[in-house]
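Down below is the structure, laid out as structure tokens.
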Amino acid sequence: MSSPALSLEATGGVGALAPSRVRPLLVGGVGLLLLPVAMPWLGLTLGNAAVLVILAIAATGLNILVGWTGLVSFGHGTWFGLGAYAAALLQRHLLPGQILLPTAGAILFVAVLATIVGFLVLRRRGVYFALMTLALSALTFTIAFRWTEVTGGEDGLGGLERGGLGPVDLDDPLAWYLFVAAVGFLVLWFCTRLARSPVGHVLVAIRERQERAAFLGYPVDRYRLLAFVLSAAITALAGALSAFQHYLVTAETTSVAFSGELLAMVVIGGMHHLLGPALGVVFYLLFRELLSIWTGDWLLWFGLVFVAFVLFSPEGLVGIARRVRARLAPPPIAAAAMSGRRIHTGLPLPAFLRQPKREGVLLAVEGVSKRFGGIRAVEGVTLEILGQGIHALIGPNGAGKTTLFNLLSGRFPPDAGSIRLDGREIAGARPDQACRLGIARSFQITHLFPGLTVYENLRLAVQARHPVGFSLWRDVEDIAPIHDETRELVRWLGLDGMERAIAGDLSYGGQRLVDLGIALASAPRLLLLDEPMAGLAAAERERIAGLVAEIGRAIPVVIVEHDLDRVLALADRVTVMNEGRVLLTATPAEVRADRRVQEVYTGTGRANVSASRRTLAAGPPLLSVRGLRTFYGASLVLDSVDLECGAREILAVLGRNGAGKSTLLKSVCGLVPAASGSIDLAGRELRGLDAAQIARLGIGYVPQGRGLFAGLSVRHNLELGRLARPHAGKTGVVWSEREILELFPRLAERLDTPADYLSGGEQQMVAIARALSGDVRLLLLDEPFEGLAPAVVEELFGVLDRLRERVAILIVDHDLDHVLALADRVVVLERGRVVHTGPARPLLDDLEERRRILWL
């Protein structure tokens with residue numbers, strides 16, 4: 001059985017999930033046969049050829065970890081050296097004159113040891129994992145160098161014998177080379193099988209996006225441990241062969257320097273290709289052997305070449321070859337790939353997704369709470385999800401909707417409360433466990449495997465449900481049920497004809513469809529959809545809405561969506577959240593008419609504080625935004641936004657969730673680069689500058705969630721606020737520490753208290769004080785009143801009212817009563833466009849006008 005996506009790459013590259021069955025073996029086999037013929041032409045020997053193959057085996061082992069799984073090891077020489085020592089000790093003390101059994105024993109010993117070590121070091125990721133492997137290599141080298149009675153110390157462990165295999169004398173250079181070449185070919189065959197197996201595909205998925213692989217039901221930690229052990233075992237095999245190659249083992253085989261050389265070979269050859277490491281070894285040995293004739297500083301030049309590869313060709317020699325091939329025969333662009341798309345209307349939901357109707361409660365959530373530091377994200381949430389229909393979860397920014405999704409799907413464990421799926425407690429389950437129990441989800445920001453094709457993305461999700469999908473030996477191309485279900489899902493989603501397109505190259509609407517399909521492929525008992533229509537054009541929103549409606553007739557769906565009109569039209573039941581709590585659960589009609597829900601979105605019309613309003617002076621604006629367009633990936637978030645803010649003005653940016661308010665602030669301060677348009681600050685164009693440059697021009701930014709440096713004191717947070725910014729008045733108002741503490745007297749008592757020990761209100765004060773610590777003329781505030789007690793809100797309101805006399809303020813907050821009482825003017829966004837601009841007073845005083853502009 002075959003599929004279009006599975007024949008995309010026939011070059012042996014594991015970046016495409018289906019390397020050819022035979023091409024890597026054919027190329028590798030021919031190379032092994034020609035190597036002894038080519039060596040004399042280069043002035044080298046059969047011994048050099050054998051060393052090349054041995055190092056290629058070691059680099060291939062490392063590539064399983066680095067290239068396939070994305071785990072960077074700086075200490076893989078450890079396993080090479082341990083394999084060499086283990087084989088040598090077994091031959092010297094237990095199996096004299098033999099080579100196969102000592103080699104097999106060395107592999108087994110290293111595999112067991114790697115399992116224990118991997119269980120410990122794989123608890124850390126990224127740089128911490130890399131540093132632990134580096135430390136392991138240094139430790140192993142020290143032991144090997146100093147444990148003289150076992151390892152021979154600096155003299156090494158000699159007296160080894162190659163022996164023979166039947167009548168074949170392995171001391172003969174040609175016979176030894178053929179033996180090593182045969183082992184090398186077997187390793188290549190094994191890696192080809194692994195690359196084509198379901199397990200090999202999951203390893204690549206983990207490299208592409210580990211979190212998404214976990215949410216598909218794959219136990220990521222087990223796969224990473226398997227890759228770690230296989231990688232160590234293959235490298236140990238190379239170490240054992242190296243011991244018999246040189247008849248000697250030294251501590252240098254375990255050194256950090258040798259580990260670095262192995263990593264360099266993998267990178268230079270091409271990490272994401274089966275034969276890439278072998279190419280890197282050829283390059284390294286030829287570079288060393290040929291250049292060392294001319295200079296003793298060959299390693300310096302090799303280092304420069306390595307840096308050049310990292311900077312200009314991260315995919316190594318394979319990447320260079322691909323770019324040359326792409327110039328000679330350009331591949332079809334993404335638009336051309338999508339032009340073949342065929343949308344089939346009226347198709348029934350795929351058979352594997354159809355579930356029998358069930359009555360009663362499927363998911364029961366009772367008293368669930370979650371805090372992040374001083375922020376209460378979810379507090380005492382209780383709700384029930386029925387076994388059929390669409391249940392919408394709505395609420396303003398910061399209401400706790402996505403956090404609740406994260407608790408239900410296993411991304412975070414709750415601090416308190418119970419989550420029961422069909423009567424089974426699942427609170428605290430890992431994402432892979434939650435998925436296997438029947439909860440699947442999509443993400444607010446699409447979580448695809450961007451380097452894989454559309455078909456491969458969906459097939460990986462389907463594969464996770466099938467026991468055969470965890471096989472180490474089966475060829476994925478031959479597992480018919482997985483492909484049948486994948487093709488059925490592709491057709492139903494309307495992705496037929498574009499399976500070969502790389503997922504990361506799709507339009508945003510296409511990526512949204514694939515993200516929905518990945519969640520559906522799990523055949524869930526409950527589907528969680530987090531803003532599936534966010535950022536889509538009207539036609540795409542209509543199509544996604546239709547698909548969600550059809551899904552909801554077969555699978556219970558919980559949906560978070562900021563398009564209130566559409567989600568209320570889709571939903572059977574609606575739960576409204578506010579400030580981490582459930583406000584009510586009712587029908588869409590009841591929610592639409594409920595006064596409390598309207599007040600959540602539009603306020604009460606009663607502001608219990610007042611601001612010192614004044615008539616704004618005429619003159620050029622401090623901030624002028626014209627035609628601003630900003631994207632998140634392929635999603636257009638801000639579309640031709642125009643606004644102005646005066647030098648002593650408070651301008652409120654209002655709008656529904658997902659309208660682009662926070663993105664506007666991030667675009668102004670440079671955290672999200674604008675694609676086009678102009679951002680003018682007092683005559684200086686900001687678009688094109690980075691966030692640090694913009695901050696030094698006098699813009700202070702306070703993000704939603706405060707963004708304090710946890711563990712550092714209040715004093716140190718304030719010092720960091722002024723450290724890299726001017727504070728002499730050249731680009732804004734100078735705020736001394738004394739003036740800041742007069743604004744926030746509470747902070748004077750807590751200067752030496754760690755910021756994460758403060759209350760939520762005190763943390764917000766620190767965040768604003770830090771933004772004021774350098775020269776500031778424009779202050780950007782994202783949800784400054786979020787999660788604060790009424791007394792603290794009133795205190796903070798007074799501070800911001802005082803600040804208007806010295807700086808301009810651009811503020812985003814869903815507490816409309818307070819923000820309208822504070823602001824001079826408002827700008828209202830809807831789906832990234834400005835739909836209203838005007839004074840704040842009419843919206844403050846006239847609740848009906850406010851509802852007309854901001855409600856449904």
Side-chain angles (χ1 to χ4, degrees), residues 609-625 643-653 665 668-669 679-684 686 694-703 706 714 717-748 761 764-785 792-813 818-827 839-841:
V609 290
S610 60
S612 54
R613 294 180 179 276
R614 54 188 172 74
T615 302
L616 298 175
L622 173 68
L623 176 72
S624 179
V625 176
L643 62 84
E644 292 181 348
C645 182
R648 298 292 181 267
E649 180 182 18
I650 297 182
L651 178 66
V653 181
L665 298 190
V668 171
C669 69
I679 307 172
D680 183 283
L681 180 71
R684 175 70 184 269
L686 301 185
I694 292 173
R696 288 193 286 269
L697 291 174
I699 291 184
Y701 172 60
V702 180
R706 292 127 197 183
V714 172
N717 269 272
L718 299 184
E719 289 174 353
L720 286 170
R722 71 170 60 92
L723 190 63
R725 295 191 293 166
H727 44 275
K730 294 182 178 179
T731 57
V733 176
V734 180
W735 294 89
S736 67
E737 185 175 289
R738 178 183 59 79
E739 291 176 298
I740 288 174
L741 296 180
E742 285 177 358
L743 283 172
F744 303 105
R746 288 200 208 185
L747 301 186
Q764 189 65 67
M765 294 175 188
V766 175
I768 296 174
R770 184 183 60 188
L772 293 173
S773 293
D775 287 357
V776 174
R777 48 185 162 178
L778 175 63
L779 187 60
L780 309 179
L781 303 176
D782 197 351
E783 301 284 354
F785 301 134
V792 179
V793 170
E794 187 171 347
E795 181 180 352
L796 191 58
F797 184 97
V799 170
L800 298 180
D801 191 31
R802 292 166 59 189
L803 286 177
R804 79 166 73 236
E805 298 301 324
R806 302 182 67 180
V807 298
I809 298 177
L810 203 60
I811 182 172
V812 168
D813 202 285
H818 283 95
V819 78
L820 288 172
L822 182 67
D824 299 298
R825 290 190 309 114
V826 300
V827 169
R841 174 69 72 179

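We number each residue from 1, following the sequence as shown. Heavy atoms only: backbone and side chains are in, while hydrogens, waters and symmetry mates are out.
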**Item:** pair L623-E644: side-chain heavy atoms closer than 4.5 Å
**Value:** no
**Request:** With sequence neighbours left out, write down each residue that passes side chain to side chain donor-acceptor pair (under 3.5 Å) with D782, or none if nothing qualifies.
**Result:** S662
**Request:** Take R825 and E649 through the test salt bridge (Lys or Arg N to Asp or Glu O under 4.0 Å) and record every step on the way to the result.
**Result:** CA-CA 8 Å; R825 290 190 309 114; E649 180 182 18; 2.4 Å; yes
**Charged N-O contact under 4.0 Å between D775 and R722** = no
**Request:** For residues I809 and L651, determine if any side-chain heavy atom of one lies less than 4.5 Å from a side-chain heavy atom of the other.
**Result:** no
**Request:** Would you please test E742 and R802 for salt bridge (Lys or Arg N to Asp or Glu O under 4.0 Å) and show each step?
**Result:** CA-CA 12 Å; E742 285 177 358; R802 292 166 59 189; 5.7 Å; no
**Asked** Any idea which heavy atoms bring A808 and G646 closest together, and the distance?
**Response** CB-O, 3.2 Å
**Request:** Working to the nearest 0.5 Å, report the span between CG of L681 and SG of C669.
**Result:** 12.0 Å
**Request:** For residues I768 and L743, determine if any side-chain heavy atom of one lies less than 4.5 Å from a side-chain heavy atom of the other.
**Result:** no
**Prompt:** Can you name the nearest heavy-atom pair linking A682 to R777, along with the distance?
**Reply:** CB-NH1, 3.7 Å
**Item:** Sidechain-backbone polar pair: D824 side chain, I650 backbone, donor-acceptor under 3.5 Å
**Value:** yes
**Request:** Could you tell me which non-hydrogen atom of L665 sits nearest to which non-hydrogen atom of L781, and how far apart they are?
**Result:** CD1-O, 3.6 Å
**Message:** If you define the side chain from C-beta out and look only at heavy atoms, does anything of L778 sit under 4.5 Å from Y701?
**Reply:** no
**Asked** Minimum heavy-atom separation for L686 to I694, with atom names?
**Response** O-CD1, 4.0 Å
